[in-house]
Amino acid sequence: MTELKIDIYADGADIAEMKKAYQGGRLAGFTTNPSLMKKAGVKDYKAFAKEVVAEFPHLPISFEVFGDDFATMEQEAEIITQFGPNVFVKIPVMNSKGESSVPLIKKLSEQDIKLNITAIFTVEQVKAVVNALKPGVKNVVSVFAGRIADTGVDPIDIMRQSVDICRAKEGAQLLWASPREVLNIIQADQVGADIITCTPDLIAKLDGLGKDLTQFSQETVQMFLRDSTSLGFSVL
Ligand SMILES: O=C(CO)[C@@H](O)[C@H](O)[C@H](O)[C@H](O)COP(=O)(O)O
């Protein structure tokens, strides 16, 4: 069995799926975002958050602000942080107009609000965000490695540099966001990221970690046989 040092969080907003993922025994926390809440059909943000916090009072959970102007984000952050002592407030690194959230991040961090800064893609953004965080307060810095890879860029170097920047600030934890495959969990562990947040489907695939490849080859052929038998086809 491959030993992982990294904390694995579940990324989603479907409470039944979150509970199921937690029962697997590997989870150290949860993240959500507006797109995941839309997909899961969440109708009432506060009711949803209350239920999640009641279900997992002992695990870190990140809830995102919905506002796009900094005054609204600030008000929402002050409400979200009161959802529970285990709650992190997710603030996007910029708003939809591309205006930097760094001044707001600094303001909220100075109030000891635990933050998860999200939608980070560059080392420059990591530097600016970490610089704004109050030392000693637990914070999460979420770099979207999978979306970086979607542009054809290998995210490893960006993630390595991000780990180093976070290590220099007490309390800052680097989160590898948007992983696509189990290999990314190994890579995140190897670069020294503190957290990786994965969909429940990806978490389920962790059962394949360290599996014998010849055995996996045979199981794959057995799957083809099961399906060809059930289809009843023959080329003869
Ligand atoms: O909370 C976080 C990161 O802190 C996550 O919910 C984060 O938003 C998601 O992992 C990403 O948005 C997922 O990206 P993608 O798989 O849709 O490309």
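Remember, it's 1-based here, ligands and their atoms both numbered in the order they're listed. Position 1 is the first residue of the sequence; numbering continues from there.
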Can you list the residues that meet the side-chain contact (heavy atoms from CB on, under 4.5 Å) rule with L231, with sequence neighbours excluded?
-> F233
With the threshold set at 4.0 Å, does a side-chain nitrogen-carboxylate oxygen contact exist between E181 and K205?
-> no
Please determine, by modelled atom types, if Q161 and D164 share a side-chain donor-acceptor pair under 3.5 angstrom.
-> no
Pairs flagged by ring pair (Phe, Tyr, Trp, His ring centres under 6.0 Å) wherever residues 64-103 is involved - sequence neighbours left out | Y45-F66, F63-F83
Run the salt-bridge test on K5 and D194 with the 4.0 Å N-O cut-off and return the result as yes or no.
-> no
Could you pull out all residues at least two apart from D212 that satisfy salt bridge (charged side-chain N to carboxylate O under 4.0 Å, His left out)?
-> none
List ligand 1's nitrogen or oxygen atoms that come under 3.5 Å of a protein nitrogen or oxygen, with the partner atom and distance.
unit_1: ligand 1; atom_1: 1 (O); unit_2: K90; atom_2: NZ; d: 2.4
unit_1: ligand 1; atom_1: 4 (O); unit_2: N116; atom_2: ND2; d: 3.0
unit_1: ligand 1; atom_1: 4 (O); unit_2: S142; atom_2: OG; d: 2.6
unit_1: ligand 1; atom_1: 6 (O); unit_2: D11; atom_2: OD1; d: 2.6
unit_1: ligand 1; atom_1: 6 (O); unit_2: N33; atom_2: ND2; d: 3.3
unit_1: ligand 1; atom_1: 6 (O); unit_2: K90; atom_2: NZ; d: 3.2
unit_1: ligand 1; atom_1: 8 (O); unit_2: N33; atom_2: ND2; d: 2.9
unit_1: ligand 1; atom_1: 8 (O); unit_2: K90; atom_2: NZ; d: 3.4
unit_1: ligand 1; atom_1: 10 (O); unit_2: D11; atom_2: OD2; d: 2.6
unit_1: ligand 1; atom_1: 12 (O); unit_2: N33; atom_2: ND2; d: 3.4
unit_1: ligand 1; atom_1: 16 (O); unit_2: R180; atom_2: NH1; d: 2.8
unit_1: ligand 1; atom_1: 17 (O); unit_2: R147; atom_2: NH2; d: 3.0
unit_1: ligand 1; atom_1: 18 (O); unit_2: R147; atom_2: NE; d: 2.6
unit_1: ligand 1; atom_1: 18 (O); unit_2: R147; atom_2: NH2; d: 3.3
unit_1: ligand 1; atom_1: 18 (O); unit_2: R180; atom_2: NH1; d: 3.3
unit_1: ligand 1; atom_1: 18 (O); unit_2: R180; atom_2: NH2; d: 2.9

